[in-house]
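Remarks on the structure that follows.
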Number of protein chains: 2
Amino acid sequence: MPHTSPDALWAAVEPEASRRMLVGAVDAFAERGYHATTTRDIAARAGLSPAALYVHYPSKAALLAQISSTGHEAALALVEAAVARGAGPVERLRLVVADFVAWHATHHRIARVVQYELGALPDDARAHSVALRRRIEGAVEATVADGVRAGVMTAADPRRVARAVLSLGIDVARWYDPAGRDSPAALGALYADLAARMVGAAPAGGTQ
Amino acid sequence: MPHTSPDALWAAVEPEASRRMLVGAVDAFAERGYHATTTRDIAARAGLSPAALYVHYPSKAALLAQISSTGHEAALALVEAAVARGAGPVERLRLVVADFVAWHATHHRIARVVQYELGALPDDARAHSVALRRRIEGAVEATVADGVRAGVMTAADPRRVARAVLSLGIDVARWYDPAGRDSPAALGALYADLAARMVGAAPAGGTQ
DNA sequence: CGGAGGTAAGCAAGCGCTTAGTCAAGGCCC
DNA sequence: GGGCCTTGACTAAGCGCTTGCTTACCTCCG
């Protein structure tokens with residue numbers, strides 16, 4: 001999942017013009033921010049007139065809400081899948097971080113909107129996204145707490161450490177540049193090692 | 001420095017109305033973002049008419065530029081002071097992270113503008129801020145590289161690890177809430193431990 | 001009395017969104 | 001099969017409002 005094409009999230013959206021609007025909105029919101037993006041800009045990226053946006057979406061905010069919702073759901077699904085895949089707490093943490101980081105790199109445009117435009121969402125849409133975020137944080141916190149309980153990690157405060165681990169991934173969306181030298185997979189592997197170190201897990205080949 | 005009052009950065013700005021404009025702009029930009037903030041909003045926070053903004057600043061963008069410049073300069077000064085204060089690479093890294101994180105918590109409103117409104121800056125102002133950012137990253141990278149050379153840290157890639165360490169601090173500005181249970185100093189201490197672990201420095205009391 | 005600090009009023013431009021309509025594709029009855 | 005209506009996608013034009021910023025003027029203090 002974390003390594004699919006950046007636009008794969010919208011593959012199911014029909015009709016095609018509606019999907020082009022979404023992709024254009026993601027690009028514009030990620031580049032300039034929600035408030036600096038005009039509906040005319042989004043429509044132009046989709047190759048349509050300004051009014052065409054309102055054929056497919058009731059408002060500019062509804063577009064943002066759909067992007068945020070879909071993005072948060074994808075991130076949560078990815079985290080829960082990684083947790084289910086791992087054998088023990090340490091492997092689970094490694095998998096979660098590797099996938100979470102790689103996703104934020106591969107989908108850095110969507111991730112930018114997801115992470116930095118929460119405040120621009122209408123109240124109900126924000127509540128939905130915030131709830132999904134809490135489940136993501138909860139999954140990581142539980143993994144760290146499990147590891148501590150099992151004696152394979154050391155962390156005085158699993159909640160705060162989990163938040164810090166997630167910060168690593170979230171901030172990738174801010175600086176990641178696909179033209180740079182970091183591949184999403186390599187970045188995920190590096191950050192999985194860093195996270196393992198943060199929780200005091202035994203070294204496993206790692207960063208050294 | 002990292003523990004002074006949030007508004008201490010502007011103490012030297014005269015006249016007072018000009019300072020109130022700056023403080024109001026920081027609050028508004030941090031809450032809603034640069035593009036969603038109106039000049040009328042800034043002026044109202046300063047208790048003045050909309051036109052008064054232009055008595056003190058040539059444009060809304062100039063206000064942002066001043067905030068970004070002052071903020072980046074403060075962050076760089078703090079990092080360089082911490083590096084100068086530490087005895088060895090590990091202590092230097094701990095001091096840098098502790099102060100950088102505490103600063104992002106204490107000044108989370110300024111830090112939000114500094115970290116997330118770079119793209120809204122006019123080209124010349126952005127170039128100035130980007131140059132300061134590179135010096136911050138360079139200082140941390142050098143500290144990690146020193147530690148590896150001295151054999152007190154392990155990190156295959158000091159540049160990428162330094163970037164990850166800074167991500168921890170930068171992301172604090174996104175989520176920090178002064179009404180929460182984290183004091184800037186405690187957060188700085190926790191994150192200094194996490195950073196020491198990330199670079200494979202010997203445990204020093206730490207998170208365990 | 002000059003200059004710094006301040007304001008009321010308002011301008012041009014751009015904003016999100018609406019209106020009224022075009023047009024092609026498809027169903028349907030006689 | 002031809003006429004007729006519906007439907008979904010789309011657009012030209014533009015409405016009402018807000019934006020950043022300007023102008024012309026006022027006030028007060030050294």
Side-chain angles (χ1 to χ4, degrees), chain A residues 10-68 113 117-126, chain B residues 10-68 113 117-126:
Chain A
W10 319 118
V13 176
E14 290 287 352
E16 194 218 347
S18 180
R19 179 169 61 251
R20 287 204 313 270
M21 288 282 185
L22 265 180
V23 172
V26 168
D27 290 353
F29 292 164
E31 273 173 36
R32 311 186 212 277
Y34 174 78
H35 290 291
T37 297
T38 67
T39 54
R40 285 159 178 84
D41 182 18
I42 297 169
R45 287 177 193 247
L48 294 169
S49 80
L53 192 153
Y54 296 92
V55 171
H56 300 282
Y57 300 92
S59 67
K60 180 186 162 189
L63 257 170
L64 175 65
Q66 168 140 193
I67 294 167
S68 183
V113 180
E117 300 294 350
L118 258 188
L121 283 171
D123 285 345
D124 53 343
R126 185 170 48 238
Chain B
W10 320 118
V13 176
E14 290 289 351
E16 194 218 345
S18 177
R19 177 169 63 250
R20 287 204 314 271
M21 287 282 184
L22 265 179
V23 172
V26 167
D27 290 353
F29 292 165
E31 271 174 37
R32 310 189 214 277
Y34 175 78
H35 289 292
T37 297
T38 68
T39 55
R40 283 161 178 82
D41 183 17
I42 297 170
R45 287 176 193 247
L48 293 168
S49 79
L53 193 154
Y54 296 92
V55 171
H56 299 282
Y57 300 92
S59 68
K60 180 186 164 189
L63 257 171
L64 175 65
Q66 168 138 196
I67 294 166
S68 182
V113 180
E117 300 294 351
L118 259 187
L121 284 170
D123 286 345
D124 52 343
R126 184 169 50 236

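Quick caveat: nothing in here was measured; it's all calculated off a predicted structure. A note on names: the letters A, B, ... follow the listed sequences, proteins ahead of strands, and every chain is numbered from 1.
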## Note on the structure
CZ (A:Arg45) and CD (A:Glu31) are apart, to the nearest 0.5 Å, by 4.5 Å

### Task
Please report, rounded to the nearest Å, how far the C1' atom of D:dA9 is from the CZ atom of A:Arg19.
15 Å

### Query
What pair of heavy atoms forms the shortest contact from B:Met21 to B:Tyr57, and how long is it?
CB-CE1, 3.9 Å

### Message
Taking the side chain as everything from C-beta on, heavy atoms only, tell me whether B:Leu118 gets closer than 4.5 Å to B:Leu121.
### Response
yes

### Query
Quick one: B:Tyr54 OH to D:dC21 P, roughly how many Å, whole number?
4 Å

### Task
Round to a whole Å and report the spacing from CZ of B:Arg20 to C1' of C:dG5.
11 Å

### Query
With respect to the side chain of A:Val55, which nucleotide from D:dA9, C:dT7, C:dC17 is positioned closest?
D:dA9

### Task
Quick one: closest heavy-atom pair of B:Ser49 and B:Ala43, and the distance?
O-CB, 3.4 Å

### Message
If I compare all heavy atoms of A:Val113 with all of A:Ala30, which pair ends up nearest, and what's the gap?
### Response
CG2-N, 3.8 Å

### Query
Taking only side-chain nitrogens and oxygens of B:His56, does any of them come within less than 4.0 Å of OP1 or OP2 of C:dG6?
yes

### Summary
Rounded to whole Å, OH of B:Tyr57 lies from C1' of C:dG6 at a distance of 15 Å

### Message
Nearest 0.5 Å, please: how far is NZ in B:Lys60 from CD1 in B:Ile42?
### Response
6.5 Å

### Task
Nearest whole angstrom, please: distance from the P of C:dA8 to the CG of B:Leu53.
15 Å

### Query
Would you say B:Leu22 and B:His56 make side-chain contact, with heavy atoms under 4.5 Å?
no

### Query
Within a strict 4.5 Å, meaning less than it, do heavy atoms of the B:Leu63 and B:Leu53 side chains meet?
yes

### Query
Where the side chain of A:Lys60 is defined as all heavy atoms beyond and including C-beta, which of C:dG6, D:dC10, C:dC17 is the nearest nucleotide?
C:dC17

#### Entry: Residues within residues 43-51 of chain B bordering DNA chain C, heavy-atom distance below 4.0 Å
B:Leu48, B:Ser49, B:Ala51

### Task
Begin with the C-alpha distance, continue with both residues' side-chain angles, and end with the deciding distance and a verdict on side chain to side chain contact (heavy atoms under 4.5 Å, CB included) for A:Val23 and A:Arg20.
CA-CA 5 Å; A:Val23 172; A:Arg20 287 204 313 270; 5.8 Å; no

### Message
Are the side chains of B:Arg32 and B:Asp41 in contact, using a 4.5 Å heavy-atom criterion?
### Response
yes

### Summary
If each end axis of the helix from C:dC1-D:dG30 to C:dC30-D:dG1 is fitted on five C1' pair positions, the angle between them, to 10 degrees, is 10°

### Message
If you take any heavy atom closer than 4.0 Å to DNA chain C, which residues from residues 29-42 of chain A end up in contact?
### Response
A:Thr37, A:Thr38, A:Thr39, A:Arg40

### Query
Can you check whether A:His35 reaches B:Tyr34 side chain to side chain, under 4.5 Å on heavy atoms?
no

